[in-house]
Amino acid sequence: PVKFTINGKNGTTKNTYTVTVKLEKNNEANIVTWKVGNKTAAISGTDISITVAYGTDIKTITATVEITPKAKISPDPSQATDFTNPVDFTGTAEDGTNKTYKVKVKLRKSNQAKILSCKLWTALDIYNTKNITIILANGTDIKTIISDVKISPKANISPDPSKKTDFTSPVDFTVTAEDGTTTKTY
């Protein structure tokens, strides 16, 4: 409190006033920014969404969050959190007002399109980045070859090497990554 004394024109009248200024407590509990690493999430109302790199452990994500001054957030986003499913975070304003945000984290789809291994019964497989050479026992019927091919996780391969394939001529196998756009032909 501050006291003010006002003197009247006649010099004898005095009035003393006590002025107390009280600031209202902030009632905002907004999440201003939400970051995972160097990626900034999209915030729309109380929905927050972010896509993180393929291979990120979605069960141990930490975030850096900017919130309204004097507000608090719970649970603490700087602690490892499991985002297998959307997670609710509650901002609490200085005056106790709450605002709940739903945070959704998605993994970016893989762009890996590789043949990791290829097995034909007991055949010897020799492969590099584009060509796979298979040495088979003399007398093997190369018109009905079935192979066990391991490819990048979540990728597809065409034609299906687990079906009978005619190798009397070279066969192109195309591996398509989970992202649907990255391909590699062997």
Side-chain ([X]) to main-chain ([Y]) donor-acceptor, under 3.5 angstrom:
X: S152; Y: K114; result: yes
X: S74; Y: K72; result: no
X: D166; Y: S169; result: no
X: N26; Y: P69; result: yes
X: Y186; Y: I115; result: yes

Side chains of [X] and [Y], heavy atoms from C-beta outward: is any pair under 4.5 Å?
X: V52; Y: I58; answer: no
X: K102; Y: F89; answer: no
X: I73; Y: V65; answer: yes
X: T62; Y: Q79; answer: no
X: F173; Y: T185; answer: no

Quick one: pull up [atom1] in [X] and [atom2] in [Y] and give me the separation to the nearest 0.5 Å.
X: K164; Y: I145; atom1: NZ; atom2: CD1; result: 11.0 Å
X: K163; Y: D160; atom1: NZ; atom2: CG; result: 5.0 Å
X: D82; Y: I61; atom1: CG; atom2: CD1; result: 9.0 Å
X: F83; Y: K104; atom1: CZ; atom2: NZ; result: 13.0 Å
X: T165; Y: I146; atom1: OG1; atom2: CD1; result: 8.0 Å
X: N27; Y: N98; atom1: CG; atom2: CG; result: 12.0 Å

Quick one about D47 and S44 (side-chain donor to acceptor, distance below 3.5 Å, no hydrogens or angles considered), yes or no?
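Looking only at side-chain atoms, D47 and S44 do not form any donor-acceptor pair under 3.5 Å.
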
With a cut-off of 3.5 Å and sequence neighbours excluded, list every side-chain donor-acceptor pair involving residues 105-113.
unit_1	atom_1	unit_2	atom_2	d
S110	OG	Q112	N	3.0

Identify, with sequence neighbours excluded, every residue that meets salt bridge (charged side-chain N to carboxylate O under 4.0 Å, His left out) alongside K150.
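Only D148 meet the salt bridge (charged side-chain N to carboxylate O under 4.0 Å, His left out) criterion with K150.
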
Which donor-acceptor pairs under 3.5 Å do side chains of residues 29-40 form with protein atoms, sequence neighbours excluded?
unit_1	atom_1	unit_2	atom_2	d
N30	OD1	K99	NZ	2.8

Please check if I43 and V87 belong to a single hydrophobic cluster, counting links between Ile, Leu, Val, Met, Phe, Trp and Tyr side chain heavy atoms closer than 4.5 Å.
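Yes: a chain of side-chain contacts under 4.5 Å links I43 to V87.
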
Carefully, step by step, assess T183 and T174 under the rule side chain to side chain donor-acceptor pair (under 3.5 Å).
CA-CA 7 Å; T183 62; T174 301; over 6 Å; no

Closest contact, heavy atoms only, [X] versus [Y]:
X: K25; Y: E94; result: CA-OE1, 3.5 Å
X: A137; Y: T140; result: O-OG1, 2.6 Å
X: A155; Y: A177; result: CB-CA, 4.2 Å

Apply side chain to side chain contact (heavy atoms under 4.5 Å, CB included) to Y17 and I6, showing your working.
CA-CA 8 Å; Y17 298 92; I6 299 176; 3.6 Å; yes

